[in-house]
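What follows is one structure encoded as structure tokens, with my remarks underneath.
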There are 4 protein chains.
Amino acid sequence: MRRTIIKESIDLFDKKGYSKTSIQDIVNSIGATKGTFYYYFNSKQELLRDIHLSYIQELLQEQEVILHDQNLTSKDKIRKLILLIIRKIRTHGKSARVFTREIRHLEEEHIQNVNSIKREFRLNFQKVLEDGIDKGEFRKDLRSDIVIFGILGMVNRSYNWYNPDGEVSEEELVDIYMDIIINGLKNKSEI
Amino acid sequence: MRRTIIKESIDLFDKKGYSKTSIQDIVNSIGATKGTFYYYFNSKQELLRDIHLSYIQELLQEQEVILHDQNLTSKDKIRKLILLIIRKIRTHGKSARVFTREIRHLEEEHIQNVNSIKREFRLNFQKVLEDGIDKGEFRKDLRSDIVIFGILGMVNRSYNWYNPDGEVSEEELVDIYMDIIINGLKNKSEI
Amino acid sequence: MRRTIIKESIDLFDKKGYSKTSIQDIVNSIGATKGTFYYYFNSKQELLRDIHLSYIQELLQEQEVILHDQNLTSKDKIRKLILLIIRKIRTHGKSARVFTREIRHLEEEHIQNVNSIKREFRLNFQKVLEDGIDKGEFRKDLRSDIVIFGILGMVNRSYNWYNPDGEVSEEELVDIYMDIIINGLKNKSEI
Amino acid sequence: MRRTIIKESIDLFDKKGYSKTSIQDIVNSIGATKGTFYYYFNSKQELLRDIHLSYIQELLQEQEVILHDQNLTSKDKIRKLILLIIRKIRTHGKSARVFTREIRHLEEEHIQNVNSIKREFRLNFQKVLEDGIDKGEFRKDLRSDIVIFGILGMVNRSYNWYNPDGEVSEEELVDIYMDIIINGLKNKSEI
DNA sequence: GATGAATGAGTTTTCATTCAT
DNA sequence: GATGAATGAAAACTCATTCAT
């Protein structure tokens with residue numbers, strides 16, 4: 001039941017937004033009553049926090065698997081990290097959107113909590129880039145923090161428009177992103 | 001007065017979010033009464049729509065100046081378009097954040113309206129890229145729609161973390177973005 | 001309207017108790033809506049606090065008039081103080097009962113506040129007794145603090161059973177209390 | 001278990017009040033579940049009634065022992081009756097406070113029931129006074145009903161402020177009360 | 001004896017909106 | 001132009017109670 005509530009809430013939060021989704025809406029759509037909701041959650045806020053924490057924690061765990069893989073070059077790791085994010089769109093697109101959109105509806109304390117995990121995720125990513133720079137895989141003249149913010153912006157925003165069932169597959173999307181990031185748009189054949 | 005209400009609302013919507021900001025909050029912070037609000041606006045919704053429309057319309061107009069400049073290469077135009085967006089952070093950061101965050105609180109009809117202008121802005125951007133490809137400025141093997149989504153994601157998300165008063169200037173930020181986009185990260189000196 | 005709400009609330013709190021009286025009950029009985037209630041009060045708690053504070057503050061003011069009357073002996077003052085309390089039963093019996101019964105439903109902070117005023121009232125009373133002892137009006141062998149607690153207990157509890165429209169008048173009731181307190185029950189004619 | 005529930009409830013009702021104590025609170029603090037509560041009690045109301053009835057019935061029984069003691073003068077009996085009440089503060093202070101404060105949360109029917117026992121207790125007390133008057137122990141010019149209300153008010157209210165572990169012992173407190181009641185405050189040495 | 005899930009009726013509170021003045 | 005009183009619909013939340021197991 002707890003699971004059902006979370007699942008349905010993510011659906012509704014994605015569709016209508018957190019603040020426009022009432023507890024009544026949630027329980028109506030699973031055929032339960034408000035009492036039931038409050039049997040499993042102390043507040044609407046707690047539900048939102050659960051959604052956020054379980055999302056980002058899972059993402060962080062999956063990131064760690066990639067980070068610890070000794071056989072990958074830095075470029076490979078970046079590719080896999082981008083794929084990790086894009087793949088979430090297909091498997092957990094709604095959660096992903098709720099996660100990015102509704103964080104401001106968390107109470108300050110929980111925001112801090114979630115943000116520190118997000119920060120860890122970002123810094124891990126940045127570390128991969130910096131390792132690649134050290135090893136000579138990437139150019140060293142660009143600020144790695146800003147590059148990572150840029151890459152994450154590019155990739156994360158896909159949640160807003162990317163349709164995994166459309167004409168571009170996950171792999172193709174990641175290829176394009178990687179290609180821009182690694183090689184840029186300049187037409188070198190010209191030279 | 002109307003102007004004052006809008007300005008204060010943007011501040012509050014940025015700080016607390018649209019749904020958590022009450023009309024009472026708005027009029028309190030400008031020392032007016034609810035009656036006054038409803039003298040100038042028919043509804044809270046109308047206020048939000050005004051904020052969105054005026055933001056995106058202004059952006060579109062500024063975009064058009066760039067598009068019609070005959071002296072610029074495609075690359076120059078892309079640079080100027082990116083600068084246009086980044087510059088908004090300093091001059092209209094709050095509006096920019098409200099614009100990206102609160103669109104979902106618009107009524108369906110206004111969302112359509114705003115989205116069609118956003119779409120126009122994006123397609124204009126894409127047209128610049130495609131012109132550059134045609135002229136041989138850029139490689140032709142990447143889907144331009146996705147590339148533009150990527151670039152906009154990268155640039156737009158700056159609202160979330162970029163501090164124009166920090167150690168990286170607007171111009172430097174745009175330089176970095178342009179460098180990635182045009183040249184990529186690969187270390188060519190290696191070759 | 002604010003006044004009407006307070007008046008009706010006192011009636012209802014007296015009749016049914018604070019926790020069993022809903023805002024709905026209050027506004028129903030004055031033909032208003034919940035919105036109206038919250039236009040005048042921020043919370044049910046604030047209403048209760050208002051009732052308590054205005055009651056005890058008024059009582060304290062009236063006490064001060066008596067305390068400062070230079071023409072009265074200590075015994076006269078005690079009599080007048082007792083009469084003050086008893087008289088409240090007729091004029092503000094409901095408030096008086098709400099005041100004694102519902103204080104525990106105030107939030108901690110307000111309880112403190114009210115209690116410190118109650119304390120002041122009691123200590124003022126005690127001072128009168130002690131002055132009388134110093135002047136030889138009363139015996140000096142009894143702890144004045146406990147005597148005052150006793151007197152106040154005796155007098156205050158009248159709220160629970162005394163009917164000012166019954167066969168014993170206010171003055172008669174005060175006479176009896178004064179007689180016990182000053183002269184005791186012992187049959188001296190015996191001696 | 002039943003006993004445990006009652007004991008814990010008295011604690012909580014004393015601390016937070018009947019209406020602010022939920023069944024959940026009660027069972028939480030004894031490590032049981034709501035099901036258990038309803039196995040032993042049909043309702044929260046029944047629990048409150050039990051607390052009230054057992055308290056007042058016990059008090060009445062103890063009163064009767066005193067009443068039937070042939071060796072005591074009326075004054076002795078009054079002293080013992082007052083001591084009976086004061087002593088309850090140490091042995092059953094919480095019950096005593098719950099008993100006085102929460103009676104209004106009983107349903108009408110049970111209030112009647114409890115009140116008729118309280119009435120019996122009071123009339124028994126009054127009877128002792130009247131016997132004393134008849135025997136010439138006490139003056140006959142004061143209404144015995146009101147005198148008893150006064151004495152009970154004085155004594156009962158001790159629940160509110162008297163600390164049996166403080167500097168005044170039970171016996172001393174009763175002495176003071178008795179002294180006021182029997183001899184009054186007037187300074188007779190003056191005459 | 002005891003439990004835990006579920007309920008539903010009720011509670012306080014919020015707030016966009018209206019409207020007479 | 002502006003106000004302030006009033007509204008009503010809906011929100012989050014509480015909790016005594018039921019009941020199958």
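Proteins come first, then strands; the chains are lettered A, B, ... in the order of their sequence lines, and each starts at number 1.
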Open item on the list: With the threshold set at under 4.0 Å for non-hydrogen atoms, list the residues of residues 97-106 of chain B touching DNA chain F in residue-number order.
Closed with: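 Residues of residues 97-106 of chain B under 4.0 Å from DNA chain F: none.
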Task: Nucleic acid footprint by protein, nucleotides 14-21 of chain E - heavy-atom cut-off 4.0 Å, B for base, S for sugar-phosphate alone - done: B-BBB---
Can you list everything that forms a ring-ring contact (aromatic ring centres under 6.0 Å, His included) with [X]? Sequence neighbours excluded, please.
{"X": "D/Tyr55", "answer": "D/Phe99"}
{"X": "A/Phe41", "answer": "A/Phe37"}
{"X": "C/His105", "answer": "C/Tyr18"}
{"X": "C/Phe121", "answer": "none"}

- [ ] Check whether more than 12 heavy atoms from other residues, nucleotides or ligands sit under 6.0 Å from atom NZ of C/Lys7, and answer yes or no.
- [x] no
Does [X] have any salt bridge (charged side-chain N to carboxylate O under 4.0 Å, His left out) partners at least two apart in sequence or in another chain, and if so, which?
{"X": "A/Arg157", "answer": "none"}
{"X": "C/Glu8", "answer": "none"}
{"X": "A/Arg49", "answer": "none"}
{"X": "B/Glu46", "answer": "B/Arg2"}

- [ ] Quick one: closest heavy-atom pair of C/Leu12 and C/Ile26, and the distance?
- [x]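 Result for this residue pair: CD1-CA, 3.7 Å.
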TODO: Locate the shortest heavy-atom distance separating D/Arg101 from D/Arg104; write the atom from each residue and the value.
DONE: O-CG, 4.3 Å
Task: Runs of at least three Watson-Crick or G-U pairs with DNA chain F, cut-off 3.5 Å - done: E:2-21 with F:2-21
TODO: Select one nucleotide: of E/dT3, F/dG8, E/dG1, the one nearest the side-chain heavy atoms of D/Ala32.
DONE: E/dT3
- [ ] Look at the side-chain N and O atoms of A/Tyr40 and state whether any lies under 4.0 Å from the OP1 or OP2 oxygen of E/dG4.
- [x] no
- [ ] Check DNA chain E against residues 3-16 of chain A and give the residues with a non-hydrogen atom under 4.0 Å, in numerical order.
- [x] none
